[in-house]
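Data block below; observations after.
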Amino acid sequence: MSGITIYEYDALIATTRAVADVEGLHPVPEKVYGWLEEQCLRASEDGEAAWLRLAQRRGRRVAQVTSFVGVLRAPDGFQIEVLPKVGKKMIGGGAAEARQLLIEMLRCLPGFRHIQTDSAKISAAGMPLLEVFIAEFLRAVERVVKRGLRSDYATRQDNFFTLRGKLLMGPHLRQNRYRADRFFTEHDEFEADRPENRLLHSALRRVLLLTASQANQQLARELQFVFADIPASPHPKIDFQRVRMDRGMESYAEALAWARLILDQESPLTGAGEHHAPSLLFPMEAVFEAFVAQHLAKQLARPLILKTQARSHHLVRHLAQSWFRLKPDLLIRDAGRDVLVLDTKWKLLDGLKANGTDKYGLSQSDFHQLQAYGQSYLGGQGDVVLIYPRTAAFNKPLPVFEFPKVEGLRLWVLPFCLKSRRLCLPHDAPFADAFRGTNPLTAAGSEFSAVG
């Protein structure tokens with residue numbers, strides 16, 4: 001199974017076309033490129049998220065990935081791994097470092113908190129992201145096997161040679177009128193054929209088709225041997241509804257979480273179409289927001305709390321109805337009162353482009369959005385914050401922005417370091433103490449203490 005590793009906003013071109021040595025342009029087999037073009041057109045027709053778009057480079061048509069990262073698998077098995085480009089620039093490393101960073105960020109998403117960071121980091125150093133996920137699943141199943149597969153009582157009805165359990169008179173008379181040696185009975189059997197084990201068996205079979213790693217293949221076969229007497233799940237969705245995390249089932253939680261991902265391709269975006277191709281793609285805007293939210297919540301001074309995706313205000317009222325709900329990414333509250341609005345943006349800024357033309361790379365629409373948040377959630381008085389990833393070109397807060405027609409409302413643009421997981425705070429910001437208290441931001445020599 002072949003594949004390629006690229007970064008956000010890189011482009012792909014068919015190998016049949018002449019390709020110059022252009023940074024961010026990668027050749028793929030013609031059949032794979034044709035499939036990518038089909039995905040572009042299908043997504044456009046269906047109005048889906050634009051994770052891939054058609055573009056031109058040097059006068060040639062290409063398929064360009066956007067801000068989605070993860071693994072894309074073509075129907076013929078060709079894998080395209082997309083890593084965060086901003087992450088690569090910030091940590092100054094290659095694919096292994098960018099992959100490790102992405103794994104840590106994915107752990108902040110609700111469906112990926114079961115990733116074991118230490119083992120995933122080791123795996124990420126030498127294998128693609130999909131193989132890292134598969135290795136994590138196999139390790140989780142291995143822990144289940146070591147603790148022993150759980151069994152449960154299951155009701156069985158059949159025509160037996162011996163009387164077992166309860167005789168079902170109706171079926172017995174219909175089927176055994178001339179068979180005195182048979183008994184149609186119902187009884188309970190204590191066996192490992194339960195939904196949880198069937199799902200793990202199905203996921204193991206699926207993994208054997210997906211993995212190209214010899215180590216993963218060997219471990220998957222060894223584990224599948226343990227499940228040899230347990231049938232694979234014919235209907236995974238139904239079996240997931242039947243899962244019961246009873247007493248003693250704690251060891252199954254992580255393995256079942258991975259099984260759900262493997263069997264359902266449960267991610268923000270999955271491949272589809274005539275040839276179903278499993279893909280695990282994640283919008284970096286959502287990943288960055290979850291990452292910032294999780295770490296800022298730990299750094300807040302008490303009794304402040306961090307709320308995600310607030311939905312309590314609307315932009316306008318019309319005919320006694322509220323229209324256009326305002327949903328800031330993050331909202332800090334104090335005793336039920338909104339005190340600070342924050343919004344995350346996965347975009348590169350340049351602190352040196354402080355002119356009226358470039359404007360640091362900021363977007364006017366983001367400022368309009370934050371102004372609306374400030375007026376609705378803070379009553380037009382206080383501070384709103386835009387958070388961007390920290391890079392060498394944007395390594396300290398920008399000077400405060402003021403709204404001329406909204407006196408008392410200030411907007412701050414702050415960098416967040418993915419490596420240290422901390423927000424860079426300006427010394428003169430009124431809300432700086434909210435992130436201090438007893439949290440490590442104020443530790444001596446800290447890279448992310450408040451700055452002047």
[X]/[Y] ion pair, N-O < 4.0 Å:
X	Y	result
E196	R244	no
E104	R421	yes
K327	D343	no
K31	D76	no
R61	E37	yes

So do the side chains of [X] and [Y] get within less than 4.5 Å of each other, counting heavy atoms only?
X	Y	value
I332	F435	yes
R198	L200	no
V287	L106	yes
I387	L423	yes
L223	V145	yes
M245	L256	yes
D366	K345	yes
V385	L340	yes

Problem set entry | Residues that H314 engages under side-chain contact (heavy atoms from CB on, under 4.5 Å), provided they are two or more places apart | S322, R325
Working to the nearest 0.5 angstrom, can you tell me the gap between [X] [atom1] and [Y] [atom2]?
X	Y	atom1	atom2	value
T391	L418	OG1	CG	10.0 Å
F401	L370	CZ	CG	11.0 Å
M284	F291	CE	CZ	9.5 Å
I4	L12	CD1	CG	6.5 Å
L208	I134	CG	CD1	9.0 Å
R410	L378	CZ	CG	10.0 Å

Problem set entry | From CA spacing to verdict: side chain to side chain contact (heavy atoms under 4.5 Å, CB included), R390, F416 | CA-CA 5 Å; R390 181 180 184 266; F416 186 92; 5.9 Å; no
Problem set entry | Audit row: H295, Q299, side-chain hydrogen bond (donor to acceptor under 3.5 Å, both in side chains) steps and yes/no | CA-CA 7 Å; H295 293 291; Q299 298 164 11; 5.3 Å; no
Seminar exercise, completed: L409 and G374 have their tightest heavy-atom pair at CD1-CA, 4.0 Å
Exercise. What pair of heavy atoms forms the shortest contact from C424 to K396, and how long is it?
Worked result: SG-CA, 4.2 Å
Problem set entry | Residues that S363 engages under side chain to side chain donor-acceptor pair (under 3.5 Å), provided they are two or more places apart | S365
Problem set entry | Partner set under ring pair (Phe, Tyr, Trp, His ring centres under 6.0 Å) for F288, not counting sequence neighbours | W346
Are any side-chain N or O atoms of [X] and backbone N or O atoms of [Y], one a donor and one an acceptor, separated by less than 3.5 Å?
X	Y	answer
R194	N197	no
E81	V71	no
E30	A14	no
K347	G361	yes
S202	S233	yes
Y252	V141	no

Exercise. Does anything in residues 351-360 pair up under side-chain hydrogen bond (donor to acceptor under 3.5 Å, both in side chains), and if so which pairs, sequence neighbours excluded?
Worked result: N355-D358
Problem set entry | Near-ring test W35/F78, centroid separation under 6.0 angstrom | no
For this session: For this output row, return yes or no: ring centroids of W258 and F133 closer than 6.0 angstrom.
Result: yes
Problem set entry | Greater than 12 external heavy atoms within 6.0 Å of E407's CD | no
Exercise. Do Q64 and D10 pass the side-chain hydrogen bond (donor to acceptor under 3.5 Å, both in side chains) test, and can you show the C-alpha distance, the side-chain angles, and the key distance before you say yes or no?
Worked result: CA-CA 6 Å; Q64 183 184 34; D10 281 359; over 6 Å; no
Problem set entry | Under the salt bridge (charged side-chain N to carboxylate O under 4.0 Å, His left out) test, residues paired with R242 that sit two or more places apart | D239
Problem set entry | Pairing residues for D329 by the salt bridge (charged side-chain N to carboxylate O under 4.0 Å, His left out) criterion, not counting sequence neighbours | none
Exercise. So, is the end of the R260 side chain (NZ or CZ) under 6.0 Å from the ring centre of F240 and within 45° of the ring's axis?
Worked result: yes
Exercise. Angle class for the F394/Y388 ring planes (parallel below 30°, perpendicular above 60°, tilted otherwise)?
Worked result: perpendicular
Problem set entry | Parallel, tilted or perpendicular, as decided by the 30° and 60° cut-offs, for the rings of H313 and Y377 | perpendicular
For this session: Test S67 against E8 for side chain to side chain contact (heavy atoms under 4.5 Å, CB included), laying out the working first.
Result: CA-CA 6 Å; S67 60; E8 288 178 275; 3.6 Å; yes
Problem set entry | Worked check of side chain to side chain contact (heavy atoms under 4.5 Å, CB included) between L315 and W323 | CA-CA 6 Å; L315 185 61; W323 286 11; over 6 Å; no
For this session: Using only heavy-atom distances, determine whether the side chains of E131 and T211 contain a donor-acceptor pair under 3.5 Å.
Result: yes
For this session: Step by step, work out the side chain to side chain contact (heavy atoms under 4.5 Å, CB included) result for V207 and I262.
Result: CA-CA 8 Å; V207 157; I262 292 168; 3.7 Å; yes
For this session: Apply ring pair (Phe, Tyr, Trp, His ring centres under 6.0 Å) to F282 and F68, showing your working.
Result: CA-CA 5 Å; F282 310 89; F68 284 78; 9.2 Å; no
Problem set entry | salt bridge (Lys or Arg N to Asp or Glu O under 4.0 Å) between R139 and E136, intermediate numbers included | CA-CA 5 Å; R139 276 190 281 266; E136 286 290 293; 2.9 Å; yes
